[in-house]
Amino acid sequence: MSVILVEGGRKLSGAVTVQGAKNSVLPMLAATVLCTGVCRVQGCPKLSDVDTAAQIIGHLGGSVHREGADLVVDTRNVTGWEIPRELMRRMRSSVMFLGAILARCGRAKCTYPGGCDLGPRPIDLHLAALKALGARVREEDGNILCRGERLRGAEIFLRIPSVGATENAILAACGAEGVTTISNAAREPEIVELQEFLRKMGACVQGAGTATVVVEGRKKLHGCSHRVHPDRIVAATYLCAAAGTGGCIYLRRADYRELAAPLCVLRESGCEICSDGGGIRLKSRGRLRAVSPVRTSPYPGFPTDDQALMMAALLRSRGDTVFVENLFSNRYRHVEQMKKLGAQIQVREAAAIVSGVKALRGAAVQATDLRGGAALVAAGLQAEGVTRVEEIHHIERGYADIVADLAGLGACIRKEDFYES
């Protein structure tokens, strides 16, 4: 068992380079299944979720290996069309392979995906998109079986702008005859990057970043090279950590345009923020002030992934801040853990009211999900004494080395491994 030990009370300072984006890499790895070639994903972060995606590709008949910071994916020999239950259950994004496998092989079989327990996240939108393209979908003994030897372009309307459903629809549409129009599509930067990657492979996709994405299918796809964009959620993590502790940090490669919503909140809390085009600098004097209600919503609104992180930054603020979670019903699981550090938070259905305290105290806490776990680390940086963060496998799904990154900014933090006898 591994834990992260944080000794709080130190201001963060210095510079750190933001890793490649997890939420971009995973759909791109699924996209490699569409081509019969070799793709090089440059600057691919070393994450457990990436390892799971690589194992899925290997199970399908492809091969994946690392060359330094790059991931080299060879999908020329992909013939498999089933994803084993154990791989599906490791991460939510495993369902992203469904559309790509169906487009490549004409059939696909998987179970429902796993990942963080954030409340009900049905994949009905994914399946509805595949059905619109002509796939036949049925459930049998807990498995999802899809057949679609000849997918056809269609008009797809997503009831809500789901990121995963948008990505799955795009990937499946690349293998369909004719033109597919996806309306009410998600607009996240990761959708834009998936379009960029697919275009490098030879696909015809346009409109990503808007509510309407158009895909012209049945193009001959080939391998390509692509450098992964920086991870905006990791960037927000370090910005929130520095805001809560005080000090001045510079994030190399961070794109302020993708971080507009959290940056606006951090400015309101009293932080000074500027960008020089190559990154973002944040200066905090330590104790922040409360801000107007923070309401999560699809991009370009305030990201649900940043909710726990911003909450951590404001635990010692002056005044009360209301958070409203509009996307996931179970995204306040970190609250009870933060209370162990002395935080004052009241949860009332979709709202959480954070009343700033003068001081936090170290304690043993458990990461309950990916971003909630990172938020506990950020909270521990502010606490007096030592905070012990357990169940850190959640954190390692999305952070290549949060310990080294924060230590490089002056945090007193380390990872320890314990072996049960």
Side-chain angles (χ1 to χ4, degrees), residues 23-39 41 49-50 52-64 71 73-84 87-88 91-111 113 123 125-135 137 144-153 156 162-177 180 182 190-191 193-205 208 213 215-224 226:
N23 290 341
S24 289
V25 166
L26 298 179
M28 285 193 292
L29 291 177
T32 64
V33 173
L34 294 170
C35 79
T36 54
V38 179
C39 294
V41 183
D49 273 8
V50 171
T52 299
Q55 290 177 51
I56 291 174
I57 292 172
H59 184 82
L60 297 174
S63 66
V64 183
L71 204 66
V73 186
D74 186 344
T75 52
R76 287 174 291 188
N77 296 321
V78 165
T79 56
W81 49 275
E82 297 186 41
I83 305 177
L87 294 179
M88 284 295 298
M91 67 174 185
R92 175 72 183 176
S93 297
S94 55
V95 74
M96 204 63 54
F97 282 86
L98 191 59
I101 295 172
L102 182 65
R104 172 81 179 256
C105 302
R107 55 181 176 172
K109 178 181 177 181
C110 67
T111 62
I123 64 170
L125 294 177
H126 300 246
L127 301 181
L130 300 181
K131 289 177 182 178
L133 295 170
V137 180
I144 301 170
L145 303 160
C146 299
R147 295 193 72 93
E149 295 81 1
R150 194 170 183 181
L151 301 177
R152 298 184 182 277
I156 298 174
S162 160
V163 176
T166 299
E167 292 168 338
N168 230 338
I170 290 173
L171 295 178
C174 284
E177 296 179 3
T180 297
I182 305 166
E190 294 77 23
I191 306 288
E193 187 165 11
L194 177 60
Q195 173 179 277
E196 182 182 345
F197 184 73
L198 287 167
R199 283 178 170 177
K200 289 180 179 180
M201 292 171 60
C204 183
V205 184
V213 178
V215 182
E216 185 178 345
R218 289 293 186 181
K219 298 293 182 181
K220 186 177 177 66
L221 304 186
H222 49 73
C224 71
H226 176 82

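Residue indices begin at 1 and follow the sequence shown. These values consider heavy atoms only, across backbone and side chains, with no hydrogens, waters or symmetry-generated copies.
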Using side chain to side chain contact (heavy atoms under 4.5 Å, CB included) as the criterion, list what pairs up with [X], not counting sequence neighbours.
X	result
Ala53	Leu26, Leu29, Met91, Phe97
Lys200	Glu196, Cys224, His226
Ala103	Leu34

Nearest-0.5 Å distance that lies between atom [atom1] in [X] and atom [atom2] in [Y]:
X	Y	atom1	atom2	result
Leu60	Ile101	CG	CD1	4.5 Å
Leu151	Lys131	CG	NZ	14.5 Å
Lys109	Leu102	NZ	CG	15.0 Å
Ile56	Cys110	CD1	SG	9.5 Å

Within the side chain of [X], is there an N or O that forms a donor-acceptor pair under 3.5 Å with the backbone of [Y]?
X	Y	value
Arg218	Ala176	no
Thr32	Val73	no
Asn168	Gly99	yes
Thr75	Val33	no

Can you give me the closest heavy-atom contact between [X] and [Y], atom names plus distance?
X	Y	answer
Leu133	Ala172	CD1-CB, 3.6 Å
Cys174	Val215	N-CG1, 3.9 Å
Ala30	Ala100	O-CB, 3.3 Å

- Under the salt bridge (charged side-chain N to carboxylate O under 4.0 Å, His left out) test, residues paired with Glu216 that sit two or more places apart: Lys219
- Task: Could I get the full list of salt bridge (charged side-chain N to carboxylate O under 4.0 Å, His left out) partners for Arg199, not counting sequence neighbours?
- Result: none
- Non-neighbouring partners of Arg107 that pass side chain to side chain donor-acceptor pair (under 3.5 Å), sequence neighbours left out: none
- Message: Taking side chain to side chain donor-acceptor pair (under 3.5 Å) as the definition, give me every residue that meets it alongside Ser24, ordered by chain and number, with sequence neighbours left out.
- Response: Glu193
- Which pairs count as salt bridge (Lys or Arg N to Asp or Glu O under 4.0 Å) when at least one residue sits in residues 167-177, sequence neighbours excluded? Arg150-Glu177, Arg152-Glu177
Can you give each donor-acceptor pair under 3.5 Å made by side-chain atoms of residues 76-83, sequence neighbours left out, with the distance rounded to 0.1 Å?
| from | atom 1 | to | atom 2 | distance (Å) |
| --- | --- | --- | --- | --- |
| Arg76 | NE | Asp74 | OD1 | 3.0 |
| Arg76 | NE | Asp74 | OD2 | 3.2 |
| Arg76 | NH2 | Asp74 | OD2 | 2.5 |

